[in-house]
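Worksheet: the structure to be examined is printed underneath.
Quick note: numbers below take in every heavy atom, side chains included, and nothing from hydrogens, waters or symmetry partners.
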Amino acid sequence: MQEQYRTVAREGVHEIEINKSRFLCTLAPAATEQDAQDLVRRIRREHPTATHNCWAYVIGADAGLQKASDDGEPGGTAGVPMLQMLLRREVRYAVAVVTRYYGGVKLGAGGLIRAYGGAVGEALDALGTITRRRFRLATVTVDHQRAGKLENDLRATGREVREVRYADEVTMDIGLPEAEVDAFRSWLADTTAGTAVLELGGEAYGTV
């Protein structure tokens, strides 16, 4: 698994105008290919009179799934430069749709490539990205007496507390960078006088 990847901070739209053509780039995080395709369909419904709705998406921390469409623009002038911009910026689990309203002035192949790629680049700058890092999932079980202070200490030290469950004992699901597991085990024993139980699980990605 990749140690970390970058993705879109939030869904949003950024518009640029080139030679009277409007280019509206919608960017959004996409956890799955279905999420990406759903966004493409939604944008098409929202802009039925647009000249083109070109798109590109990258799914997987290792960029294992990459797809793009020129949606009627000359081959290789829209979807591919959009995809290349996402890859160049190391953006993953993201989808970009550039909606073009033609303004009457032809841009030529080079102009289209710059316009579509540039629209995605400017949208990434405007909306921002976040880095997600690989974590080891872990569960901490502790008695009620120590639970409140432990949860506060976990959050104060920047640990990712994913969920807290209350029953006979308190169970906290957390995320740990793999390299910090041993140090965390020692810290937990010191903090709870050895009363907390740590169980390690699988892996996931969390925001840095």
Worksheet item: Does the side chain to side chain contact (heavy atoms under 4.5 Å, CB included) test come out yes or no for Arg6 and Ile130, once each step is laid out?
Response: CA-CA 6 Å; Arg6 189 176 295 129; Ile130 55 174; over 6 Å; no

Worksheet item: What do the steps show when you test Ile43 against Leu39 for side chain to side chain contact (heavy atoms under 4.5 Å, CB included), and what is the final call?
Response: CA-CA 6 Å; Ile43 298 304; Leu39 181 84; 4.2 Å; yes

Practice prompt. Apply side chain to side chain contact (heavy atoms under 4.5 Å, CB included) to Arg44 and Val40, showing your working.
Written response: CA-CA 6 Å; Arg44 281 178 171 156; Val40 172; 4.0 Å; yes

Item to complete: Begin with the C-alpha distance, continue with both residues' side-chain angles, and end with the deciding distance and a verdict on side chain to side chain contact (heavy atoms under 4.5 Å, CB included) for Tyr93 and Val58.
Response: CA-CA 6 Å; Tyr93 289 107; Val58 182; over 6 Å; no

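Between Ala36 and Ala30, the shortest heavy-atom distance links the atoms N-CB, 3.9 Å. Here the closest non-hydrogen pair linking Leu112 and Pro74 is CD1-CD, 3.8 Å. When every heavy atom of His52 is checked against every heavy atom of Gly72, the shortest pair comes out as CE1-C, 3.6 Å. When every heavy atom of Val8 is checked against every heavy atom of Pro29, the shortest pair comes out as O-CG, 3.9 Å. Here the shortest heavy-atom pairing between Val161 and Val164 reads CG1-CG2, 3.8 Å. The heavy-atom pair separating Ile16 from Ala115 by the smallest distance is CD1-O, 4.0 Å.
Counting heavy atoms from C-beta outward, Cys25 and Glu122 have side chains that stay 4.5 Å or more apart. The shortest side-chain heavy-atom distance between Leu154 and Phe184 falls under the 4.5 Å cut-off. Proximity of Met82 to Val98: side-chain heavy atoms (C-beta onward) are separated by under 4.5 Å at one or more points. Arg92 places a side-chain heavy atom less than 4.5 Å from the side chain of Leu87. With a 4.5 Å cut-off on side-chain heavy atoms, Arg22 and Glu15 count as touching. Looking at heavy atoms from C-beta onward, Asp190 lies out of side-chain contact with Leu188 at the 4.5 angstrom threshold. Using a 4.5 Å heavy-atom cutoff, the side chains of Ile18 and Phe23 are in contact. Counting heavy atoms from C-beta on, the side chains of Arg42 and Arg45 come closer than 4.5 Å.
Side-chain polar atoms of Tyr205 and Gln4 form no donor-acceptor pair below 3.5 angstrom. Using a 3.5 Å distance cut-off with no hydrogens or angles, the side chains of Arg100 and Thr51 do not pair a donor with an acceptor. Between the side chains of Tyr57 and Glu33, at least one donor N or O sits under 3.5 Å from an acceptor N or O.
Separating the CD1 atom in Ile59 from the CD atom in Gln34 is a distance of 10.5 Å, to the nearest 0.5 Å. Rounded to the nearest 0.5 angstrom, Trp55 CH2 and Thr99 OG1 are separated by 13.5 Å. A distance of 7.5 Å separates OH in Tyr102 from CG in Leu107, rounded to the nearest 0.5 Å. Distance CG/Leu150 to CZ/Arg155: 10.5 Å, rounded to 0.5 Å. Atom NZ of residue Lys106 and atom CG of residue Asn19 lie 13.5 Å apart, to the nearest 0.5 angstrom. Considering OG1 of Thr129 and CZ of Arg10, their distance stands at 12.0 Å, rounded to 0.5 Å.
Heavy-atom contacts from other residues, nucleotides or ligands closer than 6.0 Å to CD of Glu17 number more than 12. Enclosure of atom CD in Glu199 is not indicated, since only 12 or fewer non-hydrogen atoms of other residues, nucleotides or ligands lie within 6.0 angstrom. Within 6.0 Å of the CZ atom in Arg146, the count of heavy atoms belonging to other residues, nucleotides or ligands exceeds 12.
Side chain of Thr77 to main chain of Ala109: no donor-acceptor pair is present (N/O by atom type, distance under 3.5 Å, no hydrogens or angles).
Under the 4.5 Å side-chain heavy-atom criterion for ILVMFWY residues, a single connected hydrophobic cluster contains both Val142 and Leu198. Residues Leu200 and Val197 do not share a hydrophobic cluster, clusters being chains of Ile/Leu/Val/Met/Phe/Trp/Tyr side chains in contact below 4.5 Å. The cluster map of Ile, Leu, Val, Met, Phe, Trp and Tyr, joined by side-chain heavy atoms under 4.5 Å apart, puts Tyr166 and Ile174 in the same cluster. Hydrophobic clustering, with ILVMFWY side chains joined whenever heavy atoms are under 4.5 angstrom apart, keeps Leu86 apart from Val80. A single hydrophobic cluster is not seen to contain both Val95 and Leu83; linkage of ILVMFWY side chains at heavy-atom distances under 4.5 Å, directly or through other members, places them apart.
Under 4.0 Å is where a charged nitrogen must lie from a carboxylate oxygen, and between Arg159 and Glu151 no such pair does. Classification of Asp125 and Arg89 as a salt-bridged pair holds, one side-chain N sitting under 4.0 Å from a carboxylate O. Electrostatic pairing of Glu160 and Arg162 counts as a salt bridge here, judged by a charged N lying under 4.0 Å from a carboxylate O. Salt bridge present: Lys149 and Asp153 bring a charged side-chain N and a carboxylate O closer than 4.0 Å.
Note on ring orientation: taking the six-membered ring where Trp is involved, the planes of His47 and Tyr101 are perpendicular (angle over 60°, cut-offs 30° and 60°).
For the side-chain hydrogen bond (donor to acceptor under 3.5 Å, both in side chains) condition, the pairs that include at least one residue of residues 168-179, sequence neighbours left out, are Arg136-Glu178, Thr139-Asp173, Arg165-Asp173.
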